[in-house]
Amino acid sequence: MRFSVFTAATPEWSPDQAVSMLAAQGWDGVEWRVTDQPDAQGAPGFWAGNRATWPFTGLEDQLGQIARVTAGSGLAYSGIGGYQQASDHDAVLRMLRATAELGAERVRVTMPHTRTGTPYPQLFDRTRADLEWIAARAAELGVQALVELHHGTITASASAALRLVDGLDPAHVGVIHDLGNLVIEGREDHLAAFELLGPYLAHVHVKNVRWVPTDDRRADGSTVWVHEWATLRTGQESVADYLADLRTVGYDGWVTVEDFSTELPLVDRTADDLAFLRSLVSTDTP
């Protein structure tokens with residue numbers, strides 16, 4: 001396995017600082033966040049004012065700089081973290097072309113959210129048609145579009161994602177299995193999910209989450225629970241068991257960390273994440 005960091009999780013660092021620090025710590029790759037984002041109200045945040053994010057507007061003019069920054073660090077691309085909706089064909093095509101030009105191989109395409117007023121069957125049918133179009137464009141460009149398992153979307157679980165992509169060419173459409181997102185919604189036994197996805201298991205995101213009770217009560221008096229980001233070591237999921245299940249099915253691809261916990265300073269957080277992952281791999285290697 002190779003380990004990388006998604007730059008959504010490194011908001012305080014510029015692109016140059018991000019790759020310099022990650023390379024010095026011993027990471028294998030970087031997964032660039034590409035999106036137009038709101039300005040930060042204060043310090044840079046994961047989702048607003050993130051300094052390690054490349055803007056989607058004018059992306060084509062930034063490709064040379066992205067390539068230089070990445071190559072200069074010695075890091076590989078684990079992929080591109082795009083935010084373009086599958087239904088926006090023009091935007092998706094731009095991301096596919098950028099991914100091909102960079103040699104980054106794979107790019108995330110965003111799935112529609114549920115509970116938007118459109119019934120799930122209609123969202124599913126529409127997105128399946130979108131993915132058929134995307135798969136054809138990805139094949140033409142020699143890249144792979146990725147569907148992420150993400151809470152609140154039509155692909156919250158491995159089963160739902162497989163139903164959506166089944167029959168498409170797995171060389172050009174794959175699934176991102178996301179450990180942390182599945183704590184929030186969609187968790188299935190990980191080994192069974194990996195076996196179910198088969199050739200569509202194309203990429204892995206690792207973060208951790210925990211559910212905590214609040215002091216709030218619903219009208220019926222029951223407790224309101226909320227999820228919060230946790231470190232890889234302290235969240236509800238066992239990262240060790242997760243990596244072991246990946247190895248059981250022969251997965252040897254990228255494991256990309258997107259740690260949104262804030263207990264540790266960023267430089268310590270990324271260093272500890274890598275040390276933890278490497279320790280889990282080394283202790284399980286024959």
Side-chain angles (χ1 to χ4, degrees), residues 4 6-8 30-38 47 50 53-67 70 77-114 116 118 120-156 160-178 181 197 199-205 253-254 256 258:
S4 75
F6 181 36
T7 60
V30 62
E31 190 164 320
W32 291 112
R33 180 177 187 248
V34 177
T35 190
D36 293 328
Q37 62 180 340
W47 318 121
N50 184 317
T53 295
W54 297 95
F56 180 61
T57 298
L59 175 62
E60 291 78 5
D61 296 332
Q62 301 292 319
L63 295 180
Q65 186 177 357
I66 296 173
T70 309
Y77 298 100
S78 60
I80 301 297
Y83 288 75
Q84 287 63 45
Q85 289 286 334
S87 58
D88 189 342
H89 291 189
D90 289 343
V92 169
L93 183 57
R94 287 179 57 200
M95 287 299 297
L96 292 173
R97 287 172 172 165
T99 302
E101 184 171 338
L102 290 170
E105 299 185 4
R106 61 193 63 83
V107 59
R108 182 178 63 180
V109 176
T110 301
M111 297 295 102
H113 280 76
T114 55
T116 58
T118 302
Y120 187 101
Q122 293 181 29
L123 286 174
F124 178 91
D125 290 345
R126 182 192 309 161
T127 308
R128 171 64 188 210
D130 290 330
L131 279 178
E132 290 173 357
W133 182 91
I134 291 168
R137 304 293 83 73
E140 293 168 358
L141 292 164
V143 296
Q144 185 182 43
L146 299 178
V147 173
E148 185 176 23
L149 305 189
H150 200 292
H151 49 284
T153 73
I154 66 169
T155 53
L162 178 63
R163 181 169 172 260
L164 184 67
V165 304
D166 198 21
L168 299 176
D169 185 350
H172 300 295
V173 174
V175 172
I176 303 173
H177 199 276
D178 189 300
N181 287 347
L197 289 171
Y200 294 104
L201 177 61
H203 197 51
V204 168
H205 279 177
W254 284 102
T256 295
E258 41 179 12

Checklist entry - Counting N and O atoms only, with roles assigned by atom type, does the side chain of D36 sit under 3.5 Å from a partner on the main chain of F56, one being a donor and the other an acceptor? => result yes
Item to check | CA sep, side-chain torsions, deciding dist, call: E60, R94, side-chain contact (heavy atoms from CB on, under 4.5 Å) | outcome: CA-CA 8 Å; E60 291 78 5; R94 287 179 57 200; 2.8 Å; yes
Checklist entry - Is there a side-chain contact (heavy atoms from CB on, under 4.5 Å) between D90 and L93 once you walk through the steps? => result CA-CA 5 Å; D90 289 343; L93 183 57; 5.8 Å; no
Checklist outcome for this item: CZ (R108) and OG1 (T35) are apart, to the nearest 0.5 Å, by 9.0 Å
Checklist entry - Under the ring-ring contact (aromatic ring centres under 6.0 Å, His included) test, which residues partner H177, sequence neighbours left out? => result H190, F194, Y242
Next on the checklist: Would you compute the distance between atom CG of L123 and atom OG1 of T116 and round it to the nearest 0.5 angstrom?
Outcome noted: 5.0 Å
Checklist entry - What do you reckon, is CD of Q85 surrounded by more than 12 foreign heavy atoms closer than 6.0 Å? => result yes
Next on the checklist: Are the side chains of V165 and L131 in contact, using a 4.5 Å heavy-atom criterion?
Outcome noted: yes
Next on the checklist: Just verifying a value: how many Å separate D178 CG and E258 CD, rounded to the nearest 0.5 Å?
Outcome noted: 5.0 Å
Next on the checklist: Could you tell me if the side chain of I154 sits less than 4.5 Å from the side chain of T114, heavy atoms only?
Outcome noted: yes
Next on the checklist: What I'd like to find out is whether the side chain of N181 reaches to under 4.5 Å of the side chain of L149, using heavy atoms alone.
Outcome noted: no
Next on the checklist: Looking at every non-hydrogen atom in both residues, tell me the closest pair between P112 and T127 and how far apart they are.
Outcome noted: CG-OG1, 3.3 Å
Item to check | Minimum heavy-atom distance between A160 and Y120, given as atom pair plus value | outcome: CB-OH, 4.0 Å
Checklist entry - Counting distance only, does the side-chain N/O of Y77 pair as donor-acceptor with the main-chain N or O of T99 below 3.5 Å? => result no
Checklist outcome for this item: When every non-hydrogen atom of L63 is compared with those of L102, the smallest separation belongs to O-CD2, 3.5 Å
Item to check | Approximate separation, where rounding is to 0.5 Å, of T256 OG1 and E31 CD | outcome: 4.0 Å
Next on the checklist: On a heavy-atom basis, which atom in A145 and which in I134 lie closest, and how many Å separate them?
Outcome noted: CB-CG2, 3.6 Å
Checklist entry - Is there a side-chain contact between T153 and E148 (heavy atoms, below 4.5 Å)? => result no
Checklist entry - Where does the angle between the aromatic ring planes of H203 and H205 fall among parallel (under 30°), tilted (30 to 60°) and perpendicular (over 60°)? => result perpendicular
Item to check | Where at least one partner belongs to residues 132-145, residue pairs that pass side chain to side chain donor-acceptor pair (under 3.5 Å), sequence neighbours excluded | outcome: R128-E132, R137-E140
Next on the checklist: Restricting to non-hydrogen atoms, name the atom on G82 and the atom on T110 that form the minimum distance, rounded to 0.1 Å.
Outcome noted: O-OG1, 4.0 Å
Next on the checklist: Please tell me whether R33 and Y83 have a donor and an acceptor in their side chains that are separated by less than 3.5 angstrom.
Outcome noted: yes
Next on the checklist: Apply side-chain contact (heavy atoms from CB on, under 4.5 Å) to residues Q62 and V34 and explain how you reach the verdict.
Outcome noted: CA-CA 11 Å; Q62 301 292 319; V34 177; over 6 Å; no
Checklist entry - Stepwise, does the side-chain contact (heavy atoms from CB on, under 4.5 Å) test hold for T70 with V30? => result CA-CA 8 Å; T70 309; V30 62; 4.1 Å; yes
Checklist entry - Is there a side-chain contact between W254 and R106, using heavy atoms and a 4.5 Å cut-off? => result yes
Checklist outcome for this item: Between the CG atom in L96 and the CD1 atom in I80, the distance rounded to the nearest 0.5 Å is 11.5 Å
Checklist outcome for this item: Minimal heavy-atom distance between S87 and D130, with the atoms involved, is CA-OD2, 3.3 Å
Checklist entry - Which value, rounded to the nearest 0.5 Å, describes the distance between W54 atom CH2 and L59 atom CG? => result 9.5 Å
